[in-house]
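Just so it is clear, the model here is predicted, and its values are computed rather than measured. All chains are named by letter (A, B, ...) in the order of the sequence lines, taking the proteins before the strands, and each is independently numbered beginning at 1.
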There are 2 protein chains.
Amino acid sequence: MANSRLHHERASLRLIKEKLECSKCDSQHLCLDSCRDEETMHALNSVTISKGPYKIGDFIYKIENQFKSLFIIQSGVIKLEKPLRDGNVYVTGFYFPGDIIGLESAGGAKYSYDAVVLDQAWVCEMPYHYFESQDPSSVLLKEHIISVYGQKLREADRLLAHDRYQTGEQRLLQFLEMLCKKLFTQNLEKTQKIQLPMSKGDIANYLGLRPESISRALQKLQRQGVIRNYKNAIEIVDMKVAKKMICRS
Amino acid sequence: MANSRLHHERASLRLIKEKLECSKCDSQHLCLDSCRDEETMHALNSVTISKGPYKIGDFIYKIENQFKSLFIIQSGVIKLEKPLRDGNVYVTGFYFPGDIIGLESAGGAKYSYDAVVLDQAWVCEMPYHYFESQDPSSVLLKEHIISVYGQKLREADRLLAHDRYQTGEQRLLQFLEMLCKKLFTQNLEKTQKIQLPMSKGDIANYLGLRPESISRALQKLQRQGVIRNYKNAIEIVDMKVAKKMICRS
DNA sequence: CGATCAATTGAGTGTGTTCAATGTCAGTGG
DNA sequence: CCACTGACATTGAACACACTCAATTGATCG
């Protein structure tokens, strides 16, 4: 069951044994940016719950669960996916430390996706009923969350636009570059070798391609000397060329 | 400049000469649903501004304008699009009476798209600074808007998923069915003949296809007796078959 | 009336798919 | 320890959908 590719503990893994003070959290931009006074910090600190560790294959929430909370990822990697009637699944996104999940389910009675752990994770649970309170700190946070939503909508539209005008190869490169940013700003690593937290099948699914097409694209890029393709890792040999190839020809 | 295809006034066109009372607005589900007491209604009524008529080709807002307000569409049709560096544009959506636009720009300094009028429109402007007030009515509205955002995100993800696994023909049919719903729930028309408020080129752009592909798909569907293709209109002859064709084969 | 833009139609091309076979690796049980 | 299993990845060949490029038609407008 457990995907063994990641049994090697990532150097970056922070093992949080108890509730992390909001003032020490890496994801303050998501909530504390709304207001940084003593009182707000205390309110947030008392309403949020640190949870973990979640193991590979665990669910943070499942699609049939009642929508109750947002989750901010403190460590690990999580994918959101929706099972389809025909037995297939549709991978809708990958999330990393500092990201927030659950926003996409707001306004519904249940969660809209399964949140599956890809790399051992700790999360900060923020009960949604906090947003329904008249607490002054929540009022400011609501406003802030709205701007986060705007960003997410723009990102979704950007994806739609790019998916239309880029080849599979370009989307793949763009995905790898995003992965670089997400993983390396967190880990402060210098190398560009990416240990893939997700299967190549998941990547294919997310990018709207077949696993075969991903294989062929990776193989072609390797022949061109842009990347190196490993079993569960990819190394970007020439980031400059890679970035050039992403842009419209 | 003005697209003349719609110079025939649509029967549904409501000419609002002055500010429409919130209590009489058709789009109450977007704002008043947050709270229906006297006080909230009065607060909304005093903060919103009815504007129009906007003519075909007018802009509700432009991409370089400072983000200031959300707009609820009271009548008419509006498209959102973004000019690309290469001179092309990317059409991101079509909006109808009861829809809200501007949400996608929240959190940014400027609007993220051009809002172009496709059919003579009246809108209700809701200044964004209202959301930054501590007014109790705005607190409830904020919460409501968050659930609207959740819906929009889910819709965006659904689009992404469908774009991946459906053919152009299926997406086109799905688009036409959506148009039916949007236009006919508003107009109470019985016929399934759709006067297209947007050009077929716009439809192609929105669906991520070439105009030629749209032409060919429409022609094929007409041969099959599912639709009838007119210059600026499309008639769905057999909605049952159309719906069947939309589903995954 | 010519100019312009949208829509259509045709022929050839290409990217990604489908289907099927093979390869690789980790875990499991004899 | 080795053979078996199952999931994931790779490779090949044939095919299909949508694209590109180009020419034509049609409608609208000055």
Side-chain angles (χ1 to χ4, degrees), chain A residues 1-8 56-57 79 86-89 91 116 118 162-173 195-223 227-234 245 248-249, chain B residues 1-8 56-57 79 86-89 91 118 162-173 175 195-223 227-234 245 248-249:
Chain A
M1 175 69 29
N3 188 335
S4 66
R5 106 169 21 100
L6 287 160
H7 274 173
H8 66 90
I56 291 169
K79 75 171 167 183
D86 59 13
N88 283 91
V89 298
V91 177
V116 185
L118 294 179
H162 281 181
D163 278 17
R164 280 172 207 179
Y165 300 114
Q166 296 189 172
T167 64
E169 191 179 298
Q170 287 177 314
R171 272 178 285 160
L172 176 58
L173 273 176
Q195 284 294 330
L196 298 176
M198 71 291 287
S199 72
K200 288 178 180 172
D202 277 343
I203 297 177
N205 188 315
Y206 173 68
L207 294 177
L209 297 167
R210 298 282 122 184
E212 296 95 319
S213 300
I214 293 288
S215 249
R216 283 185 251 270
L218 288 173
Q219 170 196 332
K220 187 180 163 200
L221 289 169
Q222 174 158 332
R223 275 202 314 270
I227 66 161
R228 290 201 108 166
N229 186 19
Y230 301 92
K231 179 109 190 82
N232 301 313
I234 290 173
M245 296 179 72
R248 61 189 67 261
S249 48
Chain B
M1 174 68 32
N3 188 335
S4 66
R5 107 167 22 99
L6 288 161
H7 275 171
H8 67 88
I56 291 170
K79 76 171 167 184
D86 59 14
N88 282 92
V89 298
V91 176
L118 295 180
H162 282 181
D163 277 18
R164 280 172 208 178
Y165 299 115
Q166 296 188 170
T167 65
E169 190 178 298
Q170 288 177 312
R171 272 179 285 159
L172 176 57
L173 274 176
F175 175 79
Q195 283 295 329
L196 297 177
M198 70 292 287
S199 72
K200 287 177 182 174
D202 278 344
I203 297 177
N205 189 315
Y206 174 67
L207 293 176
L209 296 168
R210 298 281 122 183
E212 298 95 318
S213 301
I214 294 288
S215 250
R216 283 185 250 272
L218 288 174
Q219 170 195 333
K220 186 179 163 200
L221 289 169
Q222 175 158 329
R223 275 202 313 274
I227 65 159
R228 292 201 107 165
N229 186 20
Y230 301 92
K231 178 105 191 83
N232 300 313
I234 290 173
M245 294 177 75
R248 59 188 69 265
S249 48

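With rounding to whole Å, A/Leu173 atom CG is found 15 Å from C/dT15 atom P. Rounded to whole angstrom, the span from the CG atom of B/Leu207 across to the P atom of D/dC19 amounts to 11 Å. Between the C1' atom of C/dT9 and the NZ atom of B/Lys220 lies a distance of 16 Å, rounded to the nearest Å. Here the P atom of nucleotide D/dA18 and the CG atom of B/Leu218 are 13 Å apart, to the nearest Å. Whole-Å rounding puts the A/Arg171 CZ to C/dG16 C1' distance at 10 Å.
Residue A/Leu172 is tested with A/Leu209, A/Thr167, A/Ile214 for a side chain to side chain contact (heavy atoms under 4.5 Å, CB included); the sole match is A/Ile214.
Judged by atom type and distance alone, B/Arg210 does not reach the base of C/dT9 through any side-chain donor-acceptor pair under 3.5 Å. If you check distances only, the side chain of A/Arg216 does reach the base of C/dT18 with a donor-acceptor pair under 3.5 Å.
Atoms CD and OH, from A/Gln222 and A/Tyr230 in turn, are 8.0 Å apart once rounded to the nearest 0.5 Å.
Here B/Thr167 lies in heavy-atom contact (under 4.0 Å) with sugar-phosphate atoms only. Residue A/Glu212 is classed as a base contact, given a heavy-atom separation below 4.0 Å to a base. Contact annotation for B/Ile214: no contact, since no heavy-atom pair falls under 4.0 Å across all strands. Residue contacts shown for A/Asn229 are limited to sugar-phosphate atoms, with no base heavy atom under 4.0 Å away.
In this model, a donor atom of one side chain and an acceptor atom of the other lie less than 3.5 Å apart for A/Asn229 and A/Lys200.
Phosphate proximity of C/dT8 to B/Gln219: absent, as no side-chain N or O sits under 4.0 Å from OP1 or OP2. At the phosphate of C/dG16, neither OP1 nor OP2 sits under 4.0 Å from any side-chain N or O atom of A/Ser213. OP1 and OP2 of D/dT10 both lie 4.0 Å or more from every side-chain N or O belonging to A/Lys231.
With hydrogens and angles ignored, the 3.5 Å screen pairs a side-chain donor or acceptor of A/Asn205 with a backbone N or O of A/Val89.
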